[in-house]
Amino acid sequence: MKIAATYEKSTGNVFQHFGHTEFFKVYEIEDGKIVKSEVVDNGGFGHHDLPGYLKNLGVEVLILGNRGQGAIDAINKAGLKQYAGVTGSADEAVIAFAAGTLVHNDGAKCDHKHEHHDNDEKLKFTLVK
């Protein structure tokens, strides 16, 4: 099974804004253990196209921080199972997933408007630990 986590290269943590993630860490899980992982870029995609890109990579599960409603819809449409509201180490999150202890938080949503991105706009998140 392939699992992807939004990834912040500098810290190894789950990146908190799905539509702006530059990298994913993709893991292969067998018998409840990580057998392989690699960091991939976002393929030049954003927001609504990222779920299809991940699906084409063979990903079945997505671990992420926050996302807007458009991303939620696109993730669901692509058929990816999502675990949102995850903070901290991406590796530890995947280990928790493999152990069956990772919890999805449906309330993990960003509250800015996705229709009009402005460079001066401050992003606001509901962070869930």
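As the structure is a computational prediction, the values presented were derived from the model and not from experiment. Atoms considered below: every heavy atom in the structure, side chains included; atoms not considered: hydrogens, waters and symmetry mates.
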Exercise for review: Report the residue from V39, V40, V94 that forms a side-chain contact (heavy atoms from CB on, under 4.5 Å) with V26.
Suggested key: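 Single pass found, and it is V40.
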Gap separating the [atom1] atom of [X] from the [atom2] atom of [Y], nearest 0.5 angstrom:
| X | Y | atom1 | atom2 | result |
| --- | --- | --- | --- | --- |
| L62 | K81 | CG | NZ | 11.5 Å |
| M1 | E28 | CE | CD | 11.5 Å |
| Y53 | F24 | OH | CZ | 8.0 Å |
| E8 | H17 | CD | NE2 | 13.5 Å |
| T87 | L64 | OG1 | CG | 12.0 Å |
| R67 | L50 | CZ | CG | 14.0 Å |

Point to revise | Side chain to side chain, H48 and D73, heavy atoms closer than 4.5 Å | key: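 No. Closest side-chain heavy atoms not under 4.5 Å.
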Check your understanding: Taking side chain as C-beta onward, heavy atoms only, is K55 less than 4.5 Å from L57?
Key ->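 Answer no - side chains too far apart.
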To check you understand the geometry: which heavy-atom pair defines the closest contact between [X] and [Y], and what is its length?
| X | Y | result |
| --- | --- | --- |
| S37 | Y27 | CB-CD2, 3.7 Å |
| A98 | G32 | CB-O, 3.4 Å |
| V86 | A93 | CG1-CB, 3.7 Å |
| A74 | P51 | O-CB, 3.6 Å |
| I63 | I3 | CD1-CG2, 3.8 Å |

**Study point:** Partners passing side-chain contact (heavy atoms from CB on, under 4.5 Å) against I95 (at least two apart in sequence or in another chain)
**Key:**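 Expected list: I34.
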Review point. Can you list the residues that meet the side-chain contact (heavy atoms from CB on, under 4.5 Å) rule with T101, with sequence neighbours excluded?
Key: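 Here the qualifying residues are A96, A99.
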Exercise for review: Test side-chain contact (heavy atoms from CB on, under 4.5 Å) on F15 and E22 and set out the steps.
Suggested key: CA-CA 9 Å; F15 187 75; E22 292 181 32; over 6 Å; no
Review point. Partners of N42 by side chain to side chain donor-acceptor pair (under 3.5 Å), sequence neighbours excluded?
Key: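 Here no residue qualifies.
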Review point. So, E60 side chain and A4 main chain: donor-acceptor pair closer than 3.5 Å or not?
Key: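 A pair under 3.5 Å: no.
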Exercise for review: Using modelled atom types only, decide if a donor and an acceptor are shared between the side chain of D41 and the backbone of F23 within a distance under 3.5 Å.
Suggested key: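 The answer is no, because no donor-acceptor pair under 3.5 Å joins these two groups.
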Exercise for review: Treat each ILVMFWY residue as a node, draw an edge where side-chain heavy atoms are under 4.5 Å apart, and state whether I75 and F45 are in one component.
Suggested key: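 Yes; tracing contacts between hydrophobic side chains, which count when under 4.5 Å, links both residues.
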Check your understanding: Honestly curious: do Y83 and L80 fall in one hydrophobic cluster under the side-chain, below-4.5 Å linking rule?
Key ->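 The answer is no; the residues belong to distinct hydrophobic clusters.
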